[in-house]
Amino acid sequence: QVQLVESGGGLVQPGGSLRLSCAASRSIFSIYTMDWYRQAPGKERELVAAITMGGSTNYADSVKGRFTISRDNAKNTVYLQMNSLKPEDTAVYYCYVPVYNKWGQGTQVTVSA
């Protein structure tokens, strides 16, 4: 099993940037895929980005070109760099490990002037 702790959320103005971190309690070297999801008020949780062990990435259309997912296996951490943020990016962001069906506690991102 693995425990996940997200950090890096906060309040940012439109056009700004944030970097989210997801720290795992054990080595993630062998974890094939790690994901970032988000859930806005009144909406379903949606996949934002995913990264495989080999570094292949996949993004939701709504964030392509603005968000970048990366992983540092030596630090047992997955990152989500979010640039050119929009008000519609406001949500709670969750780290997820499919192989363990494990969610982090979430971190709030609010994009507002």
Hey, what else clusters with Met53 if you join Ile, Leu, Val, Met, Phe, Trp, Tyr whenever side-chain heavy atoms sit under 4.5 Å?
-> Tyr32
Do you reckon Val99 sits in the same ILVMFWY cluster as Val78, going by side-chain contacts under 4.5 Å, direct or chained?
-> yes
Is a donor on one side and an acceptor on the other found under 3.5 Å between the side chain of Thr107 and the backbone of Tyr93?
-> no
Looking only at atom types and distance, does a side-chain atom of Tyr79 sit under 3.5 Å from a main-chain N or O of Thr68, one as donor and one as acceptor?
-> no
Tracing side-chain contacts under 4.5 Å among Ile, Leu, Val, Met, Phe, Trp and Tyr outward from Tyr96 reaches Tyr37, Leu47, Val92, Tyr94, Trp103
With sequence neighbours left out, which residue pairs that include part of residues 28-40 fulfil the salt bridge (charged side-chain N to carboxylate O under 4.0 Å, His left out) condition?
-> Arg38-Glu46, Arg38-Asp89
Where is the tightest heavy-atom contact between Leu4 and Lys102, given as atom of each residue plus distance?
-> CD1-O, 3.5 Å
Atom pair CE/OG1 of Met34 and Thr77 - distance to nearest 0.5 Å = 8.5 Å
Pairs meeting criterion salt bridge (charged side-chain N to carboxylate O under 4.0 Å, His left out) with involvement of residues 48-65, two or more places apart | Asp61-Lys64
Rounded distance (nearest 0.5 Å) linking atom OG1 of Thr90 with atom CD of Gln108 | 7.0 Å
So, does Arg26 use its side chain to make a donor-acceptor pair with the main chain of Asn76 at under 3.5 Å?
-> no
State whether the number of non-hydrogen atoms from other residues, nucleotides or ligands found under 6.0 Å of Glu44 atom CD is greater than 12.
-> no
Distance, nearest 0.5 Å, that separates CG of Leu20 from CD of Gln81 = 8.5 Å
Which residues share a side-chain hydrogen bond (donor to acceptor under 3.5 Å, both in side chains) with Thr33, sequence neighbours left out = none
For the student: nearest non-hydrogen atoms of Ser112 and Pro14, plus distance | C-CD, 3.6 Å
Pairs touching residues 9-19 that satisfy side-chain hydrogen bond (donor to acceptor under 3.5 Å, both in side chains), sequence neighbours left out = Ser17-Asn83
Does Glu6 reach the main-chain N or O of Cys95 with its side chain, forming a donor-acceptor pair under 3.5 Å?
-> yes
Using the side-chain contact (heavy atoms from CB on, under 4.5 Å) rule, pick out the option among Asn58, Val63, Ile51 that qualifies with Ile69.
-> Ile51
